[in-house]
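Here's the structure, in structure tokens; my notes come after.
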Amino acid sequence: MFDTVRDDLRATLDEIRAAGLHKPERVIGTPQSATVEVTRGGRPGEVLNFCANNYLGLADHPEVIAAAHEALDRWGYGMASVRFICGTQEVHKELEARLSAFLGQEDTILYSSCFDANGGVFETLLGAEDAVISDALNHASIIDGIRLSKARRFRYANRDLADLETQLKEANAGGARRKLIVTDGVFSMDGYVAPLAEICDLADRYDAMVMVDDSHAVGFVGAGGRGTPELHGVMDRVDIITGTLGKALGGASGGYVAARAEIVALLRQRSRPYLFSNTLAPVIAAASLKVLDLLESADDLRVRLAENTALFRSRMTEAGFDILPGDHAIAPVMIGDASEAGRMAELLLERGVYVIGFSYPVVPQGKARIRVQLSAAHSTEDVNRAVDAFIAARAELAG
């Protein structure tokens with residue numbers, strides 16, 4: 001049987017390559033950092049890393065690594081169990097309490113990833129008599145999580161408040177018992193921030209709850225790094241926050257839902273990814289506690305990230321590149337053509353700058369781009385070198 005399937009799979013893979021959509025995986029031979037070692041042309045070489053989610057540069061921070069080593073000695077390597085059987089340690093409860101306090105929520109529940117967190121919310125909270133109203137550009141994990149629920153599904157155009165209100169009216173007209181508006185806090189392909197204050201106003205008007213996936217914001221967006229709800233002054237008006245420990249908060253893995261106490265309590269009883277997945281490794285929980293210590297004790301990393309972001313965006317704009325507006329550390333350099341974006345990424349790698357070209361179906365047709373992600377670990381020299389590499393690569397493409 002598999003001989004037939006093999007031929008079909010090979011044909012599909014050939015189509016992906018022919019369309020220029022194949023995603024090769026480059027092998028890194030060093031810890032995640034501002035500079036990494038990547039094999040090119042059969043030889044390893046150091047390159048500047050401008051495509052990781054390591055926003056605060058904590059993935060190889062010495063204090064985080066030390067906390068992880070200490071946790072291995074104290075708590076062991078893995079739990080070999082789910083939470084409700086024998087998979088809950090003190091370190092997990094401590095991290096949940098710290099995240100709740102940091103994010104201004106009543107309680108928090110840990111997951112193995114934010115993908116699992118988003119996969120476990122909707123089915124638990126919403127039934128066939130309910131409605132979920134989702135931004136059109138929400139993360140794939142939100143889309144998949146919504147598919148698992150029986151709730152009626154409404155979609156509004158990205159950050160379009162008029163369309164959101166239209167969908168809320170339609171949900172009301174359909175007699176929805178519960179209504180949940182869900183949005184990314186920051187949209188990962190564009191770096192755009194959701195208008196949370198206005199979304200909360202509409203939620204109040206139409207008696208809806210608000211859920212935010214703040215994976216690309218917690219740690220560095222907002223005055224205290226508490227994410228887009230803090231940025232917009234609505235920390236007490238957002239009902240559910242999901243996020244990851246795998247980006248700004250150390251870059252390892254793990255996710256969470258921080259929410260009203262009753263929501264978290266029900267998730268502990270009925271959320272399938274929580275009930276049937278192994279507990280987050282204690283070493284990650286302990287290292288994440290150290291990350292929160294660093295975030296709450298100083299703002300130097302957030303300041304440095306903001307400075308690097310402003311420098312890159314201003315220099316690239318002055319050089320005539322088309323960068324989507326904003327001040328987020330995600331700075332998409334718009335190219336348009338998919339093959340040209342891929343070629344520019346290769347030319348940049350040849351010049352020692354590691355970035356990735358994104359094209360359809362990850363982004364719309366004709367909107368191919370190179371998504372640059374700044375980090376507090378980058379120096380001013382690193383940022384200037386990256387801009388110079390973009391200018392040289394563009395000249396070679398044009399020539």
Side-chain angles (χ1 to χ4, degrees), residues 53-59 61 64 95-108 114 117-118 135 138-139 159 181-188 190-201 203 210-251 254-260 288-313 324-331 373-378:
N53 299 312
N54 190 24
Y55 295 113
L56 296 175
L58 295 175
H61 192 285
V64 176
L95 178 57
E96 288 172 339
R98 286 287 301 279
L99 283 169
S100 299
F102 184 71
L103 297 171
Q105 290 290 339
E106 294 175 357
D107 201 358
T108 296
C114 188
N118 286 333
D135 190 289
N138 277 340
H139 190 266
R159 301 176 302 136
I181 303 169
V182 56
T183 180
D184 282 2
V186 174
F187 296 90
S188 61
D190 300 323
Y192 291 152
V193 178
L196 288 188
E198 293 84 354
I199 288 174
C200 287
D201 289 342
V210 176
M211 171 178 165
V212 179
D213 178 338
D214 226 19
S215 293
H216 286 277
V218 170
F220 62 99
V221 171
R226 290 169 173 82
T228 55
E230 181 184 42
L231 177 69
H232 291 290
V234 293
M235 290 180 66
D236 59 338
R237 301 174 68 192
V238 173
D239 301 286
I240 304 170
I241 298 171
T242 64
T244 181
L245 305 172
K247 292 183 172 60
L249 302 186
Y256 56 84
V257 176
R260 311 295 186 185
S288 299
L289 286 167
K290 174 54 67 175
V291 167
L292 291 174
D293 289 342
L294 293 171
L295 294 183
E296 292 178 328
S297 64
D299 64 354
D300 57 319
L301 296 177
R302 291 191 292 275
V303 170
R304 194 179 314 153
L305 175 60
E307 291 172 348
N308 286 343
T309 300
L311 175 61
F312 180 82
R313 283 177 169 274
L324 294 183
D327 56 8
H328 193 271
I330 295 173
Q373 290 171 278
L374 284 301
S375 170
H378 292 132

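The figures that follow rest on heavy atoms only: side chains count, while hydrogens, waters and symmetry mates do not.
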If you round to the nearest 0.5 Å, how far is CE of Met211 from OG1 of Thr242?
4.0 Å
Answer yes or no: is there an ion pair linking Arg98 with Asp293, defined by an N-O contact shorter than 4.0 Å?
yes
If only atom types and distance count, is the side chain of Arg304 paired as donor or acceptor with the main-chain N or O of Ala377 below 3.5 Å?
no
Within a strict 4.5 Å, meaning less than it, do heavy atoms of the Thr183 and Ile199 side chains meet?
yes
Nearest heavy atoms of His216 and Ser188, plus distance in Å:
NE2-CB, 3.4 Å
Roughly how far, to the nearest 0.5 Å, is the SG atom of Cys200 from the CD1 atom of Ile181?
8.0 Å
Heavy-atom check, side chain of Leu301 versus side chain of Leu58, under 4.5 Å
yes
Any chance CG of Asp327 has more than 12 other-residue heavy atoms, nucleotides or ligands included, within less than 6.0 Å?
no
Please tell me if the side chains of Val303 and Glu307 come closer than 4.5 Å, counting only heavy atoms from C-beta onward.
yes
Working to the nearest 0.5 Å, report the span between SG of Cys114 and NZ of Lys247.
7.0 Å
Reported CG-to-CG distance for the pair Asp190 and Leu324, which is rounded to 0.5 angstrom
5.5 Å
Can you tell me if Asn308 uses its side chain to pair, donor with acceptor, with the backbone of Leu374 under 3.5 Å?
no
Testing the basics here: between Thr108 and Ser100, what is the closest heavy-atom pair and its distance to 0.1 Å?
OG1-OG, 2.8 Å
Please find the pair of heavy atoms, one from Arg237 and one from Asp201, that lie closest to each other, and give the distance.
NH2-OD1, 2.8 Å
Partner residues of Tyr256 under the ring-ring contact (aromatic ring centres under 6.0 Å, His included) criterion, sequence neighbours left out:
none
Rounded to the nearest 0.5 Å, what separates atom CG in Asp213 from atom OG1 in Thr228?
9.5 Å
Under 4.0 Å between a side-chain nitrogen and a carboxylate oxygen: does that hold for Arg159 and Glu198?
no
Tightest non-hydrogen contact, residues Ser375 and Gly57, listed as OG-N, 3.6 Å
Spell out, as yes or no, whether a donor-acceptor pair under 3.5 Å connects the side chain of Gln105 to the backbone of Val238.
yes
So Leu295 and Leu56, do their side chains get closer than 4.5 Å, heavy atoms only?
yes
Is it the case that the side chain of Arg313 and the backbone of His328 share a donor-acceptor pair, with hydrogens and angles ignored and the cut-off at 3.5 Å?
yes
Heavy atoms, side chains only, cut-off 4.5 Å: are Leu245 and Leu95 in contact?
yes
Return the CE to CG distance between Met235 and Leu196, rounded to the nearest 0.5 Å.
12.0 Å
For the student: nearest non-hydrogen atoms of Asp214 and Gly185, plus distance
OD1-CA, 3.4 Å
Verdict with reasoning, Tyr55 to Phe220, per ring-ring contact (aromatic ring centres under 6.0 Å, His included):
CA-CA 8 Å; Tyr55 295 113; Phe220 62 99; 4.5 Å; yes
Is there side-chain contact between Val210 and Ile240, with at least one heavy-atom pair below 4.5 Å?
no
For Ala194 versus Asp184, what's the shortest heavy-atom pair and its separation?
CB-O, 3.2 Å
